[in-house]
Amino acid sequence: MKPDKNRRPDTLLGHIGRNPKEHSGTVNPPVYHASTIVYDTVDSLLGDTKPLRQGVTQYGRAGTPTTFALEDAVSRLEGGAGAIAMPSGLAAVAGALLSLVKQGDHILVTDSAYDPTRTVCRKILKDYGVEAEFYDPLLGGKIESLFRPETALVFTESPGSLTFEVQDIPAIAQVARQQGALVVTDNTWATPLFCRPFDLGADVIIHAATKYIGGHADAMLGLIVARDESLYSKIRLRTQGLGYSVGPDDIYLGLRGLRSLAARLERHQATALALAQWLRERDEVEKVLYPALPGDPGHELWQRDFSGASGLMGLVLKPVSDGAVAAMLDGMELFAMGYSWGGYESLLIPTFPGRARAVTTWPDPGPTLRLHVGLENLADLIEDLEAGFARLRNFAATTAAT
Ligand SMILES: Cc1ncc(COP(=O)(O)O)c(C=O)c1O
């Protein structure tokens, strides 16, 4: 395909990361299962001194044409210098951080970060002599007061995947740049289609491709995308040195998922917005946490920095017993209970945002839920939730009467 400049992302999705001419005309890149790559001559074996480079097949761990196709596609979508496929979203977080910090560094991590990301920062990096300090996700440019001479990096996740605060990444990135620190951002919620973190000032982008990029709840996959060549080489070298590698079948599922990403997201967004509006009117609901909803505290920043919203949102219920929440969730027919999100199917789980906070206090006393709005019909999802709310009310009424 010709250069990307004049192509829109939904068109690119159908054309990047594949080259039929290289593969006997097959539309999709084949799934290369490979560890050993053989060479014809001693010269070519010993002369292969370009290790670890994207596009160079040298040893299976460093990737095959299947891997390079996905890395190239996601890098082009984000407008980066290169991408590195990782075996999970968490591996992408850990791999990027381990590539960019060293003993003695201080890093700033949003208090809204995904809990296992917090653990990497708080426990694992600590053992390697890196101090992680959590900051209020809503600090914006005021983050400046937290910088120290040894601050190497700011980690952002916007919106937070449990609590949905939208961060002012341009303001944070401006301060970070002045202070000589990098900005790493987890862009999983928005995908490359709904947010362009490099345009906002980020240096490194993380994707848990397990979510929307894969899109079918069947692959574990992550990606790190670097803004420039020097960051790309640094992260590639370190993650290769640590032995990170992804099986080709999961890479293929990532490529397969990418093709329909725009169409799926359009549907996730339309259904999620309608459902958020419906939920907001319910008597049982205190608050809907979804930045695309007018009136949400993050709505203005979302409008400024994002071009769409995916299907993941939070829900704060009016105070009610744990039993009533369980009665609601246990009987759902379409919304399943399970971790992860971003697949074609709807999910609903209880969450506990107050438990994973270091410097901010979660303000709402009511139980919180996280909904992933899948690709099902809106009316059916509403019926399932209506029946769930009826179970919740009945449980509350019955226990109040006894
Ligand atoms: C925002 C965010 N980042 C990263 C991850 C980690 O992804 P994975 O489950 O593929 O390790 C998750 C998983 O839920 C997530 O929600």
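None of these values were measured; they are calculated from a predicted model. Both ligands and their constituent atoms are indexed starting at 1 by order of listing.
Considering backbone and side-chain atoms together, Gly89 places an N or O closer than 3.5 Å to an N or O of ligand 1. The shortest N or O to N or O distance between Trp341 and ligand 1 is below 3.5 Å. An N or O contact shorter than 3.5 Å is missing between Glu157 and ligand 1 by distance. For the pair Val93 and ligand 1, the shortest N or O to N or O distance does not fall below 3.5 Å. By the 3.5 Å distance cut-off applied to N or O atoms, Arg370 is not counted among the residues near ligand 1.
You'll find the ring centres of Trp341 and Tyr212 inside the 6.0 Å limit.
Heavy atoms of Trp189 come nearer than 4.0 angstrom to ligand 1 in no pair at all.
Of the possible donor and acceptor atoms, one in the side chain of Thr210 sits under 3.5 Å from a partner among the backbone N and O of Leu221. Between the side chain of Arg259 and the backbone N or O of Leu13, at least one donor-acceptor pair lies under 3.5 Å.
The closest protein non-hydrogen atom to atom 2 (C) of ligand 1 is Asp186 OD2, 3.4 Å. The protein heavy atom nearest to atom 11 (O) of ligand 1 is Leu90 N, 2.8 Å. Looking only at heavy atoms of the protein, atom 5 (C) of ligand 1 is closest to Tyr114 CE2, 3.3 Å. Regarding atom 14 (O) of ligand 1, its nearest protein heavy-atom neighbour is Lys211 NZ, 2.9 Å.
With Glu131 as the partner, the salt bridge (Lys or Arg N to Asp or Glu O under 4.0 Å) test is satisfied by one option alone out of Arg122, Arg148, Lys126: Arg148.
Of all atoms in ligand 1, numbered sequentially from 1 with element shown, those under 4.0 Å from a heavy atom of Thr210 are 8 (P), 10 (O).
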Using residues 374-383 as the side-chain source, report each donor-acceptor pair under 3.5 Å to any protein atom, sequence neighbours left out, with the distance given to one decimal.
from, atom 1, to, atom 2, distance (Å)
Glu376, OE1, Ser346, OG, 2.8
Glu376, OE2, Ser346, N, 3.0
Asn377, OD1, Ala379, N, 2.8

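Crowding of Asp322 atom CG: a count of heavy atoms from other residues, nucleotides or ligands under 6.0 Å not exceeding 12. Counted within 6.0 Å of CZ on Arg282, heavy atoms from surrounding residues, nucleotides or ligands total more than 12; the atom is thus considered enclosed.
By the ring pair (Phe, Tyr, Trp, His ring centres under 6.0 Å) test, Phe335 pairs with no residue at all, sequence neighbours left out.
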